[in-house]
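So you know, we letter chains A, B, ... as the sequences are listed, proteins then strands, and number each from 1. Values reported hereafter were calculated over all heavy atoms of this structure, with side chains retained and with hydrogens, waters and symmetry mates removed.
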Amino acid sequence: MPLIEIKNLHASVDGKEILKGIDLTIDAGEVHAIMGPNGSGKSTLSYVLAGRDGYEVTDGSVTFAGVDLLALEPEERAAAGLFLAFQYPVEIPGVSNTTFLKEALNAIRKTRGEPALDAMQFLKLIRAKAKDLSMTDEMIKRAVNVGFSGGEKKRNEALQMAVLQPKLAILDETDSGLDIDALRIVAEGVNALRSPERAMLVITHYQRLLDYIVPDVVHVLAHGRIQRTGGKELALELEAKGYAEFGADEAA
Amino acid sequence: MTTTTASPLPFAPFQQAALPGADLPWLADLRRAGRDRFAALGLPTPRNEAWKFTTLRPLEKLSFAPVPADAPAVPVDAIPAVAADSHRLVFVDGRFRPDLSRRQGLPAGVTLLSLGEALSTVPAQVEAMLGRTAAVDGHALLALNAAYLADGVLLHVAKGVTVDRPIELVFLAAGGSADAPLAWHPRLLLALEDNAEATLVEQHLGRDGAVYLSNVAAEVVAGPGARLHHYKLQEEGRDAFHLATLTTRLGRDATYDSFVLNLGARLARHEARSLLDGTGITCRVSGAYAIAGSQHSDITTLIDHAHPHCTSREVVKGVIGGQGRAVFQGKIIVRPDAQKTDGYQLNRALLLSDTAEIDSKPELEIYADDVKCSHGATAGELDDDQLFYLRARGLPLEQARALLVAAFLDEAVDEVVSEPVREHFRSRIHAVLERR
Ligand SMILES: Nc1ncnc2c1ncn2[C@@H]1O[C@H](COP(=O)(O)OP(=O)(O)O)[C@@H](O)[C@H]1O
Ligand SMILES: [Mg+2]
């Protein structure tokens, strides 16, 4: 059984159709990449999967770990094991990273019937994960994403993913805003999560990230549809030729 | 002499003879004048510009009796304290309770008495301090407070004396019901002489279901170079009325740091008027509130810059749920002489429902030309992007909302300079939010 099966997915924003029939199946253990020009609908797909308000599904279906994903609230999707690393992580003044992640993890554990972690257990966990991502104690105590640089925000997303241990991680342009060292650290964090039970959907505009997170399958998204699917060599081809053949007016 | 007078309004006639200090002619005069003035003025109505957004109509339907002087002392168990070693005066239903109070180890030069004690031991000092800043004029609530003046606090800190530990004034409400509402009218006389320093924490606490009015009048005088931290927690019962009028006069180079937290009461108004009566003064008049159901919270302030080189800061933030209604009126006057004034005012409200309401009225009257004054007011709902982010990480909607509300209020309380008070206020906010 595939981990996620997206069939003929159509979605609109403000009455404008952005996704025009997406078909995509990912098995556990696989890493898929979605590449495409700006404005092609990559973030829209990730938001539709995460359940954001204002993204109206007009046709199609998504089955995730055997359940109808589209019928679930965003928090239920998270509890089911879906994780979206945001292209633009949100700042939340007044809420510390630690409090936020502890409440999130314990909320998810609760829906799974697992006991809550106490403050000490949680602190131990988050410290270990933060260390892997070269994040300081001070960073995990700060308010969520407040005063973080672009790269720090992306690392913070990777930290959340490492703590929440999702079944499917969708990484929306996690490479944007990262210098090469930060890119390597984040990619290592992602690779550490690779396992036969887990899958990743790596959304990116550039091939660079895929040098570090090597995908099994690459899809090209343009005009709201998957235009081509291939192996990792497809990413290199796109790097060389750009998205021109898909009707985009910009080079990669 | 016994005077029994028919009550003009929803207040039972009072028995002057039964009140403390009844044998002091000046006090009898003051009470009588207050009573006459209140009879003439009546309760403020929305026709009065300062009361446009807060109606006292619900008071008129009730009939408030004073607490009988011979009522037995109500047993009280735990009294929440900001600091374990604080000095503390406790009042239950407006009456001083020496058995619950503690004043050991006050430094020399500090007088901390209940008003009843002060009237019998240092009446001349009371006479000198009463009405020093709170001129009744057209102020009906001050007139009412004077008419029923029975108990309260006298704090006097002599020149250059620092009171290290916080002084807590705790007002507990135990009695009063829908059939027999009670009213009390505490008068707080608070004076710091030159370069004195103190931290004062008022707590007004009551239980839900108790119907009462607490009509507080506080008069603060801080002399040159004095530093007063003045914090107030209003957590009256949800069926109570809390009306407070605070008048403050600050001398040259004084620092006045104040914060009010409105969490309780059916209807609460905190009116604070600060006169910056010298140069080089720093005045902070901030606050926060969290209301729900049909609660009403009014914070009305006046900051009067009368001299040059003074700084004022006012940050008032609150959260309104249910059919709650909040009022913020913040007036800043910068008089012609008050050059180099630095004034800052911010008012932010978070509306949690379609039926929540805020009336925000910032008012800047600036008559000097070389000043820096800014103000801002915003009202809005919880941020959708933040909510989605939290939910996408697994927090259920209600939990995500609660986390954002608590964060908003935690930030509001950042204005409190004293750390133990800040922590106490935060823990009260969290307790109140959890109960809702
Ligand atoms: N909230 C929104 N409101 C209106 N239009 C939107 C919104 N989000 C995305 N769009 C539009 O949808 C299209 C796809 O955007 P997006 O999914 O962000 O593309 P990508 O992530 O591939 O750059 C664009 O034309 C964009 O302008
Ligand atoms: Mg995008």
Counting only heavy atoms closer than 4.5 Å, note whether [X] contacts chain B via side chain, backbone, both or neither.
X         : result
Pro166(A) : neither
Thr111(A) : neither
Leu164(A) : side chain

Are more than 12 heavy atoms, taken from residues, nucleotides or ligands other than [X], located less than 6.0 Å from that residue's [atom1] atom?
X         : atom1 : answer
Phe148(A) : CZ    : yes
Glu381(B) : CD    : no
Asp118(A) : CG    : yes

How close do [X] and [Y] get, counting heavy atoms only, and between which atoms?
X         : Y         : answer
Val95(A)  : Ala407(B) : CG2-CB, 3.5 Å
Gln386(B) : Glu91(A)  : NE2-O, 3.0 Å
Gly394(B) : Ala107(A) : O-CB, 3.3 Å

Output for pair (Leu395(B) CG, Phe100(A) CZ), nearest 0.5 Å, gives 6.5 Å

CD1 of Ile92(A) to CG of Asp383(B): how many Å apart, nearest 0.5 Å?
8.5 Å

Ion pair Arg391(B)/Glu76(A), N-O distance below 4.0 Å
no

Heavy-atom contact with chain A under 4.5 Å, split by part of Leu409(B):
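The answer is neither part of Leu409(B).
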
Portion of Leu387(B) that has a non-hydrogen atom of chain A nearer than 4.5 angstrom:
neither

Mind running side chain to side chain contact (heavy atoms under 4.5 Å, CB included) on Glu103(A) and Leu403(B) for me, showing each step along the way?
CA-CA 9 Å; Glu103(A) 288 207 22; Leu403(B) 193 64; 3.4 Å; yes

Output yes when a side-chain donor or acceptor of Glu75(A) lies under 3.5 Å from a complementary backbone atom of Arg393(B), and no otherwise.
no

Does the ring of Tyr389(B) carry Arg52(A) above it, NZ/CZ under 6.0 angstrom from centre and within 45° of its axis?
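That pair does not qualify as a cation-pi contact.
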
Just do the side chain to side chain contact (heavy atoms under 4.5 Å, CB included) check on Asp53(A) and Phe388(B) with the steps written out, would you?
CA-CA 8 Å; Asp53(A) 277 347; Phe388(B) 175 62; over 6 Å; no

